[in-house]
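A short worksheet on the structure shown next.
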Amino acid sequence: MTRSATETDLGRTRRARRIGRLLTQTHPDAHCELDHGNALELAVATILSAQCTDKKVNEVTPKLFARYPTAADYAGADRGDLEVMIRPTGFYRNKTNSLLHLGQALVERYDGQLPGRLADLVTLPGIGRKTANVILGNAFDVPGITVDTHFQRLVHRWELATESDPVKIEHVVGAMFPKRDWTMLSHRIIFHGRRVCHARKPACGACTLTQLCPSYGTGPTEPAAAARLLKGPRARDLAAAAGVDPDLVPVQAVRAEAP
């Protein structure tokens, strides 16, 4: 029997909030990992991030943003030139279509500016609910929950949600937390998924959530084996936060990019 089968709704909410508090302590550096300077840049970067790492997107966007600083620039862009610039992010033809049409829609309907409402954002080319919440939370300071693959995987492992539909997950998890916390909660969960709770082999033995996670043991629980799975420049800090000797974290783990 799973934990969720015997846990009350109140108990689940209390556990969720304890997880949230621990994640705040574990990932004080959590933030949007797509580099941007304004709402349009964030929208473009988020579109490019589909099936692509944030690191690769951040390598591509400086020249892209410099060449196309406004929605009108995307609306009038040469398709071939745009495809060449964003090709390293993959699926570049589809992404080019999205950027061209996004620019055109913004110019025609919103005077070239990104709107600050979910209902408006989701009508724009290339922008679904997940992307809209990223834009709202990080460019407009409007709280939103971003249900990406990491977020969905972790709330399932924690048995906070059983739904597969991202919108349903958004509502279920959102109901457990104050609205003001939604954006940072999303960042912290995504950080945890990239650095600790990996898809194939989570670092269970070097995780701060062991007492609250019904899936503890999915990955190695022995500290030395788990410590080797931590990733990112704060990997040793993550080990220490979990009570694991940070010297067990190899240098290559510290240098590794969080996926």
Side-chain angles (χ1 to χ4, degrees), residues 1-30 33 145-166 168-178 181-182 184-250 252-254 256-259:
M1 183 179 292
T2 64
R3 183 171 189 161
S4 60
T6 59
E7 193 172 40
T8 65
D9 290 343
L10 178 59
R12 187 175 301 109
T13 296
R14 286 176 172 170
R15 183 167 60 88
R17 293 194 177 192
R18 289 176 66 195
I19 288 172
R21 289 193 292 272
L22 280 172
L23 288 175
T24 299
Q25 298 168 14
T26 304
H27 303 288
D29 57 330
E33 296 190 90
I145 288 180
T146 303
V147 184
D148 73 349
T149 54
H150 298 290
F151 190 103
Q152 183 166 335
R153 174 166 50 80
L154 267 61
V155 298
H156 282 167
R157 277 185 175 165
W158 297 332
E159 295 183 11
L160 299 182
T162 57
E163 293 78 8
S164 58
D165 178 69
K168 291 181 179 179
I169 292 172
E170 179 186 334
H171 292 317
V172 167
V173 177
M176 298 178 183
F177 294 89
D181 295 340
W182 288 355
M184 285 308 302
L185 174 70
S186 299
H187 290 323
R188 290 166 186 144
I189 290 177
I190 292 168
F191 256 55
H192 201 70
R194 287 175 167 173
R195 290 155 175 79
V196 182
C197 193
H198 311 297
R200 293 184 180 178
K201 192 183 288 187
C204 290
C207 178
T208 55
L209 305 180
T210 56
Q211 300 301 312
L212 300 171
C213 181
S215 300
Y216 175 70
T218 301
T221 59
E222 197 276 317
R228 288 195 291 271
L229 298 173
L230 298 173
K231 285 187 171 63
R234 292 189 65 252
R236 287 178 175 158
D237 293 331
L238 296 175
V244 172
D245 182 355
D247 289 336
L248 293 174
V249 178
Q252 57 265 36
V254 176
E257 293 290 333

- Task: Determine, for Phe191 and Arg195, whether the Lys NZ or Arg CZ falls below 6.0 Å from the six-membered ring centre while staying within 45 degrees of the axis.
- Result: yes
To the nearest 0.5 Å, what is the distance between [atom1] on [X] and [atom2] on [Y]?
{"X": "Gln252", "Y": "Lys231", "atom1": "CD", "atom2": "NZ", "result": "10.5 Å"}
{"X": "Arg12", "Y": "Thr6", "atom1": "CZ", "atom2": "OG1", "result": "9.0 Å"}
{"X": "Thr146", "Y": "His187", "atom1": "OG1", "atom2": "NE2", "result": "7.0 Å"}
{"X": "Asp181", "Y": "Met176", "atom1": "CG", "atom2": "CE", "result": "14.0 Å"}
{"X": "Leu230", "Y": "Cys207", "atom1": "CG", "atom2": "SG", "result": "9.0 Å"}
{"X": "Gln211", "Y": "Ile19", "atom1": "CD", "atom2": "CD1", "result": "12.0 Å"}

- Give the ring-plane orientation class for His192 versus His27, where under 30° counts as parallel, over 60° as perpendicular and anything between as tilted. perpendicular
Considering non-hydrogen atoms only, spot the tightest contact between [X] and [Y] and give its length.
{"X": "Trp182", "Y": "Gly174", "value": "NE1-O, 3.1 Å"}
{"X": "Val244", "Y": "Ala227", "value": "CG1-CB, 4.2 Å"}
{"X": "Cys197", "Y": "Pro202", "value": "CA-CB, 3.9 Å"}
{"X": "Ala235", "Y": "Val249", "value": "CB-CG1, 3.7 Å"}
{"X": "Thr210", "Y": "Cys204", "value": "CG2-O, 3.2 Å"}
{"X": "Pro246", "Y": "Ala239", "value": "CA-CB, 4.1 Å"}

- Task: Identify whether the distance between the nearest side-chain nitrogen and carboxylate oxygen of Arg234 and Asp237 falls below 4.0 Å.
- Result: yes
- Query: Salt-bridged, Arg15 to Glu159, with N to O below 4.0 Å?
  - Reply: no
- Task: Show your reasoning for whether side-chain contact (heavy atoms from CB on, under 4.5 Å) applies to Val172 and Leu160.
- Result: CA-CA 8 Å; Val172 167; Leu160 299 182; over 6 Å; no
If we ignore hydrogens and angles and just use 3.5 Å, is the side chain of [X] paired with the main-chain N or O of [Y] as donor and acceptor?
{"X": "Arg200", "Y": "Gly219", "value": "no"}
{"X": "Arg228", "Y": "Leu248", "value": "no"}
{"X": "Thr26", "Y": "Leu22", "value": "yes"}
{"X": "His156", "Y": "Glu163", "value": "yes"}
{"X": "His198", "Y": "Leu229", "value": "yes"}

Indicate yes or no: at least one non-hydrogen side-chain atom of [X] is less than 4.5 angstrom from one of [Y].
{"X": "Thr208", "Y": "Gln25", "value": "no"}
{"X": "Phe151", "Y": "Ile169", "value": "yes"}
{"X": "Leu23", "Y": "Leu209", "value": "yes"}
{"X": "Trp158", "Y": "Ile189", "value": "yes"}

- Do Arg157 and Thr218 meet the criterion of a side-chain donor-acceptor pair at a distance under 3.5 Å? no
